[in-house]
Every structure is written in structure tokens, then in C-alpha cells.
**Student:** 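One structure, as C-alpha cells, below. Some questions next.
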Amino acid sequence: TTIAAALADTAGLPALAASILAGTPGIGALFNVAAVQDDVLLASSGYAPQQIVHEVAVNLTAPLVLTHALLPHLSRQRAAWVVNVTSGLAYAPKRTAAVYSATKAGLHLFTDGLRVQMAGSPVQVIEAVMPLVDTPMTAGRGRGKISADDAAARLLAGVVRGTPKILVGKARWVPMLQRWMPGVLARVMQRG
């Protein structure tokens with residue numbers, strides 16, 4: 001079943017979650033995957049505050065609100081998952097994506113915090129750190145992208161393994177670079 005929803009309308013998300021649960025009470029997982037990125041410098045002329053609000057709403061506020069809305073239901077399941085998809089930009093920002101990078105960093109920290117809160121519960125909280133994925137959002141940006149199908153397959157394989165942090169493709173290098181060579185990680189992210 002496909003349901004179209006405006007994730008930027010965060011006030012309407014609890015009702016959307018309730019509607020989905022009413023129609024599909026067996027749901028056991030929430031995958032927060034959607035994202036938008038304005039590839040622009042914050043001080044660029046024409047870059048409006050509404051764009052910032054929209055990007056934060058879709059990338060960060062919506063996942064938090066949906067998780068909040070679905071967590072009581074997920075907590076009653078024998079096994080359940082909350083999977084938040086972040087990016088290497090959560091660890092080192094891209095020059096032309098300060099807002100996107102901040103939202104992914106926020107989602108990364110939210111995931112860590114929620115994992116602590118849900119310890120001992122049936123809800124597994126997973127972060128999936130993605131490399132550059134070939135989607136309409138990344139058209140004309142970067143090289144060495146993986147396909148969306150490959151990204152999804154690797155994400156699901158990590159969930160099946162029970163991995164708390166899934167590092168897909170080139171993103172597997174992010175933790176090591178962040179710890180031992182943060183300057184190198186920053187330069188790599190600037191090329192993205």
C-alpha cells in the first residue's frame with residue numbers, strides 16, 4: 001500500500017500515523033528515509049527562510065514526530081524497529097549543504113539517544129549511514145553513487161543482521177576517518 005504524505009506538514013503526522021495503524025495494525029517497523037537537500041550556501045541570495053524550515057521539517061522533525069507517534073505501538077510488538085537513515089554528512093558537513101548536514105547530525109544523535117531509551121525493550125533502534133545514492137536529489141552531484149536498489153538491499157540486510165549501525169558502501173570508512181583523520185573526512189565530504 002502506498003500513501004502519499006507531505007512530511008513537511010509535521011502537525012498532521014500524528015493523525016497520519018494513527019490512520020496507517022488503523023488500516024495496518026501489524027506494522028512492526030518505521031524506516032525514516034525521506035530527505036531533501038538544498039545544495040546552496042546559507043548566505044546565497046534567493047535562499048529563503050522557508051527553505052530552511054522545509055528542509056529541517058522533512059529531514060529531522062518528521063522522523064522525530066513519526067517515531068513519537070508510532071513508538072507506543074512498536075513497543076507492544078514482540079520485535080520492532082526504528083531505522084533512521086543518515087549520511088556521512090552527519091559527521092562532516094558539506095560546504096553547500098549546511099542545513100542538510102545539521103539535520104542528519106541531529107538525526108544521528110536522536111538515534112543514539114533513542115537507542116539508549118529503548119534498551120531492554122522490543123524496539124531495536126538502528127542508524128543507517130548512506131554514501132551518495134543515485135536519486136533525483138543527487139542528480140548532477142558527485143560520482144561513485146550506489147543505486148537506490150543497492151542501498152535498500154544493504155539497508156535491509158543490516159536490519160536482518162541486527163546491526164545497530166549500518167554503514168553502507170563508502171560510508172563504512174566514516175567512523176574510522178572521524179576518529180583518526182577528521183581532516184581527511186572533511187575533505188572527502190567537501191568533494192561530495
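Values below: all heavy atoms of this structure, side chains included; hydrogens, waters and symmetry mates excluded.
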**Student:** Suppose we screen for side-chain contact (heavy atoms from CB on, under 4.5 Å). Which residues come up paired with Ala80, at least two apart in sequence or across chains?
**Tutor:** Leu74, Gln77, Val123

**Student:** Using only atom types and a distance under 3.5 Å, with no angle test, would you say the side chain of Thr96 pairs donor to acceptor with the backbone of Asp39?
**Tutor:** no

**Student:** Which heavy atom of Val159 sits nearest to which heavy atom of Ile166, and what is that distance?
**Tutor:** N-CD1, 3.6 Å

**Student:** Roughly how far, to the nearest 0.5 Å, is the CZ atom of Arg95 from the OG atom of Ser101?
**Tutor:** 12.5 Å

**Student:** Please list all pairs meeting side-chain hydrogen bond (donor to acceptor under 3.5 Å, both in side chains) that have one or both residues in residues 43-58, counting only residues at least two apart or in different chains.
**Tutor:** none

**Student:** With hydrophobic residues grouped by side-chain heavy-atom distances under 4.5 Å, do Tyr100 and Leu42 end up in a single group?
**Tutor:** no

**Student:** Show the nearest heavy-atom pair for residues Gln37 and Leu89, with the distance to one decimal.
**Tutor:** NE2-CD1, 4.1 Å

**Student:** What's the shortest heavy-atom distance between Pro14 and Ala69, and which atoms?
**Tutor:** CA-CB, 4.1 Å

**Student:** My understanding is that only residues two or more places apart in sequence, or in another chain, count here; which of them pass side-chain contact (heavy atoms from CB on, under 4.5 Å) with Leu16?
**Tutor:** Ile3, Ala5, Leu13, Ile20

**Student:** What's the shortest heavy-atom distance between Ser75 and Pro122, and which atoms?
**Tutor:** O-CG, 3.3 Å

**Student:** For the hydrophobic clusters of this structure (ILVMFWY residues joined by side-chain heavy atoms under 4.5 Å, transitively), does one cluster hold both Met130 and Val83?
**Tutor:** yes

**Student:** Can you name the salt bridge (Lys or Arg N to Asp or Glu O under 4.0 Å) partners of Asp150, sequence neighbours left out?
**Tutor:** Arg154

**Student:** What's the spacing between His73 NE2 and Leu71 CG if we round to 0.5 Å?
**Tutor:** 10.5 Å

**Student:** Check ring-ring contact (aromatic ring centres under 6.0 Å, His included) between His108 and all other residues, then give those that pass, not counting sequence neighbours.
**Tutor:** Tyr91

**Student:** Locate the shortest heavy-atom distance separating Ser121 from Met118; write the atom from each residue and the value.
**Tutor:** OG-O, 2.7 Å

**Student:** Is Ile52 reachable from Val40 through a run of I, L, V, M, F, W or Y residues, each pair having side-chain heavy atoms under 4.5 Å apart?
**Tutor:** yes

**Student:** Would you say Phe110 ends up clustered with Val82 if hydrophobic residues are merged whenever their side chains have heavy atoms under 4.5 Å apart, either directly or through other cluster members?
**Tutor:** yes

**Student:** Same cluster for Leu155 and Ile27 if Ile/Leu/Val/Met/Phe/Trp/Tyr side chains link at under 4.5 Å?
**Tutor:** no

**Student:** Got a sec, which pairs hit salt bridge (Lys or Arg N to Asp or Glu O under 4.0 Å) with one end in residues 23-36, sequence neighbours left out?
**Tutor:** none

**Student:** Please enumerate all residues that pass side-chain contact (heavy atoms from CB on, under 4.5 Å) together with Ala29, with sequence neighbours excluded.
**Tutor:** Phe31, Trp81

**Student:** List the atom pairs, donor and acceptor, that lie under 3.5 Å between side-chain atoms in residues 56-68 and the rest of the protein, sequence neighbours left out.
**Tutor:**
{"unit_1": "Asn59", "atom_1": "OD1", "unit_2": "Val36", "atom_2": "N", "d": "2.8"}
{"unit_1": "Asn59", "atom_1": "ND2", "unit_2": "Val36", "atom_2": "O", "d": "2.8"}
{"unit_1": "Asn59", "atom_1": "ND2", "unit_2": "Thr103", "atom_2": "OG1", "d": "3.2"}
{"unit_1": "Thr67", "atom_1": "OG1", "unit_2": "Asn32", "atom_2": "ND2", "d": "3.4"}
{"unit_1": "Thr67", "atom_1": "OG1", "unit_2": "Pro63", "atom_2": "O", "d": "2.7"}

**Student:** Atom CG of Leu30 and atom CG of Leu70: how far apart are they, to the nearest 0.5 Å?
**Tutor:** 5.5 Å

**Student:** Which residues pass the side-chain contact (heavy atoms from CB on, under 4.5 Å) test with Arg115, not counting sequence neighbours?
**Tutor:** Thr111, Asp112, Val125, Glu127, Pro164

